[in-house]
Protein chains: 2
Amino acid sequence: MRDRIFSGTVCGMGTEEPQGLRERKKVATREALAAAALRLAEQHGVAGVRVDDIADAAGVSPRTYNNYFSSREQAIVAALAAERSLRIGAALRARPDGEPLSVAVVEAVVSQYDDGPGADALGLLADAPALHAEYLESISALEAPLAAAVAERGRTLDDETVAVLAAAVAAAARSAAGRWLTGIRAGMAPDPSGLVAVTTPASLADAIRASLTVLSPALAALDRAG
Amino acid sequence: MRDRIFSGTVCGMGTEEPQGLRERKKVATREALAAAALRLAEQHGVAGVRVDDIADAAGVSPRTYNNYFSSREQAIVAALAAERSLRIGAALRARPDGEPLSVAVVEAVVSQYDDGPGADALGLLADAPALHAEYLESISALEAPLAAAVAERGRTLDDETVAVLAAAVAAAARSAAGRWLTGIRAGMAPDPSGLVAVTTPASLADAIRASLTVLSPALAALDRAG
DNA sequence: ACACGAAACTGCGTGCACGCAAATATGCGT
DNA sequence: ACGCATATTTGCGTGCACGCAGTTTCGTGT
């Protein structure tokens, strides 16, 4: 019990029952901590959130808080993003059998971000660089579960290829999200330096979809080879 | 003077003269800190290195040490890897004009890793997960300078495409390096679980080159479009 | 119901990252 | 050489991440 506890790691968040009282309490504790962190951030700004207060609000010790999150930004992002990266496996498994990887992967990834951060969340992300970074890191977390799901689906692909593909896709998505957030922030407060790109996709999902088109040739090559 | 001080950021490490006494002292301090960190790690193991001792050995205050590095792993990796990620710009600019991106990018990236970590470094990396992670992070640092260099070279490419490409290449290289290190470590101490891939490329450069072939179709598509 | 083992929580101590402000060193103009 | 501005270093205080070990809670078998 010393790795950060992901609520979705074991129980699959919605498709399987938690395994017992211990597991149910872990899920509840994690969600309580994340919800408390977000609420406190909305009240005091991210910089004003103390880990002691998060722990108090969730009814656990600060040391227990640390068992779940290693920073307040992680806790806040857990509330904002609800570990959607960890659901990529299920999303890809839900794609139609026989669908080309170049379509299945893109659709599965993009579908995780159909509902991007709301106005309150965008406000928080704009005000706290560390929170922005953690949010992008949460997108990078697509990598491992995506690799596992692709390996399952594309059984003729070697492990190296799968791993590289997953790393590239996760990085593209993270990179696009970063630019999207920057563009949104510029929309909220015009950037005096004038360096921000003129066109920001309407949604996070669109931004991620556009980024994955750059990788389409590589994905398509795997379809032909597989 | 509150961002981490990179020795290569301004002076280009070898092609331009440092700008003055201030800059020369900053370079010297950073190098002294990195060298001290590595020496102490070799003597005491990574876990036995204290930031106070690094600072003492380099003749600065702990607070100053923190101006350069935010962790001892960063300091050690700085000594091991010598900021080679930051040299990708120069490497790409040195590629022949007119060479396809699919070749220039691969060759420039791979050339940074022609001499990978030596036996001592591999021993340190094997013993300290946080050091291993920081080493991989240093490879991820390829992203921004690579994007800048590609933008310069492929002037017909839009910014989004450049950024996605750079993110994907850096992630592929990082991912490959991680597997390479894991394979090397397995070679040093057979993995009882038997899960480690049977074939490890002979060198880090080979591993990175192989990973970039997965992205070749995407790079090649840009060549045709550009 | 009870005993035991494993998992999770907790308190404590320690090392450390970083904001803040004062002190020091360098660069520049006269 | 001197004065001033700027960059860098330093000391200090504070919040916090985490190893360690003891306590509590849950799960399982009898």
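Just so it is clear, the structure is predicted and the values come from calculations on it, not from any experiment. A note on names: the letters A, B, ... follow the listed sequences, proteins ahead of strands, and every chain is numbered from 1.
In this model, the phosphate group of D:dT8 is not approached by any side-chain N or O of B:R22 to a distance below 4.0 Å at OP1 or OP2. Note on B:T64: a side-chain N or O is less than 4.0 Å away from OP1 or OP2 of D:dT10. The shortest distance between the side-chain N/O atoms of B:Y65 and the OP1/OP2 oxygens of D:dT10 is not below 4.0 Å.
Place B:R72 and A:K25 on DNA chain C by their nearest nucleotides, and A:K25 ends up nearer the 5' end.
Between B:R84 and B:D115 there is a salt bridge, since at least one side-chain N of the basic residue sits less than 4.0 Å from a carboxylate O of the acidic one. Looking at A:K26 and A:E23, a side-chain N of the basic residue comes within less than 4.0 Å of a carboxylate O on the acidic one, giving a salt bridge.
Atom pair B:Y68:OH and D:dA7:C1' shows a separation of 11 Å (rounding to whole Å applied). Atom CG in B:N67 sits roughly 9 Å away from atom P in D:dT10 (whole-Å rounding). We find that CG of A:N66 is positioned 10 Å from P of D:dG19, with the value rounded to whole Å. Distance B:L21 CG to C:dC28 P: 11 Å, rounded to the nearest Å. Between the CG atom of A:D56 and the P atom of D:dC16 there is a distance of 12 Å, rounded to whole Å. The distance from atom CZ of B:R50 to atom C1' of C:dC16 is 10 Å, rounded to the nearest whole Å. As rounded to whole Å, 12 Å separates atom P of C:dA17 from atom CG of B:L33. The interatomic distance linking A:D52 (CG) with C:dC12 (P) rounds to 13 Å, in whole Å.
A:A57 approaches A:A36 most closely through the heavy-atom pair CB-CB, 3.7 Å.
For residues 160-174 of chain A, the side-chain hydrogen bond (donor to acceptor under 3.5 Å, both in side chains) pairs, not counting sequence neighbours, are A:D158-A:T161, A:E160-B:R179, A:R174-B:E143.
Applying the 3.5 Å distance criterion, the base of C:dA17 shares no donor-acceptor pair with the side chain of B:R63.
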